[in-house]
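Note sheet for the following structure.
All of these numbers come straight from a predicted model, not from anything done at the bench.
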Amino acid sequence: MSKQSPSMDKWIEEAKKDPNASQVGMYLFHNGVVRETPKAKVRQGIDDGTQVTGMEFGYNEEKVLSAVEETKRLDGIYYVNAWLNEGELQVGDDIMYVLVGGDIRPHVIDALQFLVEKIKTQCVVEIEKK
């Protein structure tokens with residue numbers, strides 16, 4: 001059973017009310033979604049002929065919060081929010097949302113990449129169902 005996905009409209013509305021909003025020149029969203037193509041095929045070119053039908057997904061909340069706080073300390077970053085789903089997910093379900101706001105495009109892009117990579121490699125457990 002998965003959680004209800006947040007509203008990106010509400011997230012951006014909240015971000016623009018943040019005390020640091022006047023420092024932000026760019027917001028960037030990430031929305032990770034369960035896909036039917038196995039990770040091994042996409043990342044390593046290994047095609048065993050199977051397709052993903054769903055995913056078991058979980059995360060360590062303390063590690064995610066730590067990663068968010070670390071991202072907030074990056075140069076030019078003034079706003080960060082992250083939401084992760086959990087449980088049995090189906091193809092097309094949202095895995096995670098991340099919103100980063102910062103002063104200039106390179107800082108925001110780098111921060112988004114930093115946070116998503118940290119979450120994916122250090123904070124979550126995802127098991128593809130085939």
side-chain hydrogen bond (donor to acceptor under 3.5 Å, both in side chains) with [X]: which residues, sequence neighbours excluded?
X: D9; answer: none
X: D18; answer: none
X: S7; answer: none

>> Under the rule for side chain to side chain contact (heavy atoms under 4.5 Å, CB included), what residues qualify as partners of Q4, not counting sequence neighbours?
In response: none
> Under the side chain to side chain contact (heavy atoms under 4.5 Å, CB included) test, which residues partner S66, sequence neighbours left out?
Replying inline: none
With clusters defined by side-chain heavy atoms of hydrophobic residues (ILVMFWY) lying less than 4.5 Å apart, directly or transitively, does [Y] cluster with [X]?
X: L65; Y: V68; answer: no
X: I12; Y: M8; answer: yes
X: L74; Y: V98; answer: yes
X: L99; Y: M26; answer: no
X: V91; Y: V33; answer: no

>> Is any side-chain heavy atom of R35 closer than 4.5 Å to one of V42?
In response: yes
> If we only count heavy atoms from C-beta on, is the I77 to H107 side-chain gap below 4.5 Å?
Replying inline: yes
Side chains of residues 113-130: which donor-acceptor partners sit under 3.5 Å, not counting sequence neighbours?
{"residue": "K118", "atom": "NZ", "partner": "Q122", "partner atom": "OE1", "Å": "3.4"}
{"residue": "K120", "atom": "NZ", "partner": "E126", "partner atom": "OE1", "Å": "3.1"}
{"residue": "K120", "atom": "NZ", "partner": "E126", "partner atom": "OE2", "Å": "2.9"}
{"residue": "T121", "atom": "OG1", "partner": "E117", "partner atom": "O", "Å": "2.7"}
{"residue": "E126", "atom": "OE2", "partner": "K39", "partner atom": "NZ", "Å": "2.6"}
{"residue": "E128", "atom": "OE1", "partner": "K39", "partner atom": "N", "Å": "3.4"}
{"residue": "E128", "atom": "OE2", "partner": "K39", "partner atom": "N", "Å": "2.8"}

> Which residues satisfy the salt bridge (charged side-chain N to carboxylate O under 4.0 Å, His left out) test with K17, sequence neighbours excluded?
Replying inline: E13
> Can you name the salt bridge (charged side-chain N to carboxylate O under 4.0 Å, His left out) partners of K72, sequence neighbours left out?
Replying inline: E69
>> Rounded at 0.5 Å granularity, tell me how far CG in D47 sits from NZ in K41.
In response: 4.0 Å
Closest contact, heavy atoms only, [X] versus [Y]:
X: V108; Y: G101; result: CG2-C, 4.2 Å
X: P6; Y: W11; result: CB-NE1, 3.6 Å
X: A15; Y: A21; result: O-CB, 3.6 Å

> Got a sec, which pairs hit ring pair (Phe, Tyr, Trp, His ring centres under 6.0 Å) with one end in residues 76-95, sequence neighbours left out?
Replying inline: W83-Y97
>> Can you pull out every ring pair (Phe, Tyr, Trp, His ring centres under 6.0 Å) where at least one residue sits in residues 16-44? Sequence neighbours excluded, please.
In response: none
>> Taking salt bridge (charged side-chain N to carboxylate O under 4.0 Å, His left out) as the cut-off, I'd like each qualifying pair that reaches into residues 99-110, sequence neighbours left out, listed once.
In response: none
Identify every side-chain donor-acceptor pair in residues 56-63 under 3.5 Å, counting partners at least two apart or on other chains, and give the distances.
{"residue": "Y59", "atom": "OH", "partner": "K3", "partner atom": "NZ", "Å": "3.1"}
{"residue": "N60", "atom": "OD1", "partner": "E62", "partner atom": "N", "Å": "3.1"}
{"residue": "N60", "atom": "OD1", "partner": "K63", "partner atom": "N", "Å": "2.9"}

>> I'd like to know if the side chain of D94 and the backbone of M96 have a donor-acceptor N/O pair within less than 3.5 Å.
In response: no
